[in-house]
2 protein chains.
Amino acid sequence: MGIFSKTCEYAIRAVFFIAHRTAGQSGRVGIKEIALGIDSPEPFLAKILQDLSRRGIVQSTKGPNGGFYLDNASLERPLSDIVAAVDGNDIFFGCGLGLKQCSEINPCPLHNEFKDIRNKIHFMLHETKIGEFNNELVTGMLSLKK
Amino acid sequence: MGIFSKTCEYAIRAVFFIAHRTAGQSGRVGIKEIALGIDSPEPFLAKILQDLSRRGIVQSTKGPNGGFYLDNASLERPLSDIVAAVDGNDIFFGCGLGLKQCSEINPCPLHNEFKDIRNKIHFMLHETKIGEFNNELVTGMLSLKK
DNA sequence: ATAATAAAGGATAAAATAGTCTTTTATTAT
DNA sequence: ATAATAAAAGACTATTTTATCCTTTATTAT
Ligand code: FES
Ligand code: FES
């Protein structure tokens, strides 16, 4: 287990994939191609994208030439929106040692150091926009595949 | 889900508890008192400590006046030993987006930023020693309870 | 030696996460 | 209108994580 749940890892990779495959040309990309492109089990990914679609994080249309895409607003959203939607806010605000709530008044031994790391994670995910890596993904400098 | 598994959270809290309760006086502390002290389910914690004991991270003796304790060598060990034993090394070396392996040659979009955070976590856990907070725990300045 | 104590070990149980399959609904091209 | 296409929805299965319970083994005090 890493920092994110498997569901969340797939979600982030899928959204990056959709972004770089459909940005600009107003195209759509189907679940099959996404699953292949990010090396994920297709039916499981379908469920995940269904959820992201309901939440408005990705856009989709049914039928021929249908598929998933991202509008301009979505491309500008921070990665933290995906993480919050899928894994919740624990990673941003929760106590590292699992206390009910992280607090300055009743801190756990790791509080000070951990708070710092947690904030760096939050900052990174908040500053990173979904469409930010499109160029590098198109040119193959960055990878979404296992 | 936080950074660590529930098992690992309990493990760290329990080891901190044993440390500050038994350091110096060569005493022992029983599972019941530990479970109470860190707000964890007793039988589950028993399993976890059993495992840590087998691995030599905590010490224990059976019978009357028995219980768990930490020898001087154990008090000097870094927290990263507990995390590695319980959750494995993914948090120290794994790719944040779940690629089979994190690599400079085939990096994921978050690689550079994530590597930095991962290293900070590794550094924090490696620099923090198990017996480091004993004073603050005894005086009640730090908490292990939900 | 014996009884009491406390951890170790093993076998299950419950809950959450991960993954699959089948049917329905919306869209589009013919 | 009709057939083809692709996502949405829903029901289901598998695996992993979290948690409990019961028996055995080691230690100690009497
Ligand atoms: S209390 Fe544990 S991280 Fe703040
Ligand atoms: S490749 Fe993803 S963190 Fe290094």
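Here the structure is a predicted model, which is why all the values come from computation and not from measurement. In the text below, chain A, chain B and the rest are named by the order of the sequence lines, each starting its count at 1.
Computed from coordinates, the Ile48(A) CD1 to dG19(C) P distance equals 8 Å when rounded to whole Å. Counting to the nearest Å, the P atom of dA6(C) and the CD1 atom of Ile18(B) are 15 Å from each other. The OH-C1' distance, from Tyr69(A) to dT27(C), rounds to 12 Å in whole Å. Protein atom CD1 of Ile57(B) is 17 Å distant from nucleotide atom C1' of dA7(C), rounded to whole Å. Between the CZ atom of Arg55(B) and the P atom of dG9(C) there is a distance of 13 Å, given to the nearest Å. Here the C1' atom of nucleotide dT18(D) and the CG atom of Asp87(B) are 13 Å apart, to the nearest Å. Going from atom CZ of Phe44(A) over to atom P of dA18(C) covers 6 Å, rounded to whole Å. Protein atom CG of Asp51(B) is 14 Å distant from nucleotide atom C1' of dT18(D), rounded to whole Å.
An OP1 or OP2 oxygen of dT18(D) is reached within less than 4.0 angstrom by a side-chain nitrogen or oxygen of Thr7(B). An OP1 or OP2 oxygen of dT18(D) is reached within less than 4.0 angstrom by no side-chain nitrogen or oxygen of Tyr10(B). OP1 or OP2 of dA29(C) has at least one side-chain nitrogen or oxygen of Asn65(A) nearer than 4.0 Å. In terms of phosphate contacts, Ser60(A) brings a side-chain nitrogen or oxygen within less than 4.0 Å of OP1 or OP2 of dA8(D).
Between the side chain of Asn89(A) and the main chain of Phe92(A), no donor-acceptor pair closer than 3.5 Å is present.
Under the side chain to side chain donor-acceptor pair (under 3.5 Å) criterion, Asn134(B) pairs with no residue, sequence neighbours left out.
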request  = Evaluate the salt bridge (charged side-chain N to carboxylate O under 4.0 Å, His left out) criterion for residues Arg55(B) and Asp51(B): first the C-alpha distance (whole Å), next the side-chain angles of each, then the deciding distance (0.1 Å), finally the verdict.
outcome  = CA-CA 6 Å; Arg55(B) 294 169 184 273; Asp51(B) 181 52; 3.1 Å; yes
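By the neighbour-count criterion of 12 heavy atoms within 6.0 Å, atom NZ of Lys146(A) is densely surrounded, having more than that number from other residues, nucleotides or ligands.
In terms of heavy-atom proximity, Asn106(B) sits nearest to Lys145(A) at ND2-O, 4.1 Å. When all heavy atoms of Ile57(A) and Asp81(A) are compared, the pair lying nearest together is CD1-O, 3.8 Å.
Base pairing analysis places dA6(C) opposite dT25(D); the two distances defining the Watson-Crick or G-U wobble pair are each below 3.5 Å. Look at dA1(D): its Watson-Crick or wobble partner, with both distances under 3.5 angstrom, is dT30(C).
Only Pro41(A), Pro43(A), listed by number, bring a heavy atom of residues 27-43 of chain A to less than 4.0 angstrom from any atom of DNA chain C.
Closest to the side chain of Phe68(B), from the set dA7(C), dA18(C), dT28(D), is dA7(C). Of the candidates dA8(C), dT27(C), dA18(C), the closest approach to any side-chain atom of Ser53(B) belongs to dA8(C).
With hydrogens and angles ignored, a donor-acceptor pair closer than 3.5 Å exists between the side chain of Lys62(B) and the base of dT25(D).
Judged by distance alone, the side chains of Asp71(B) and Ser74(B) do bring a donor and an acceptor atom under 3.5 Å apart.
Taking 4.0 Å as the cut-off between side-chain N and carboxylate O, Lys120(A) and Asp116(A) count as a salt-bridged pair. A salt bridge links Glu104(A) with Lys115(A): at least one charged nitrogen is closer than 4.0 Å to a carboxylate oxygen.
Classified by interplanar angle (parallel below 30°, tilted 30° to 60°, perpendicular above 60°), the ring pair Phe133(A)/Phe16(A) is perpendicular.
The 5' end of DNA chain C is approached more closely, in terms of each residue's nearest nucleotide, by Leu45(A) than by the other of Leu45(A) and Thr61(A).
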Output one line per pair: protein atom, nucleotide atom from nucleotides 10-13 of chain D, and distance, for all N/O pairs under 3.5 Å.
{"unit_1": "dG10(D)", "atom_1": "N7", "unit_2": "Lys47(A)", "atom_2": "NZ", "d": "2.6"}
{"unit_1": "dG10(D)", "atom_1": "O6", "unit_2": "Lys47(A)", "atom_2": "NZ", "d": "2.8"}

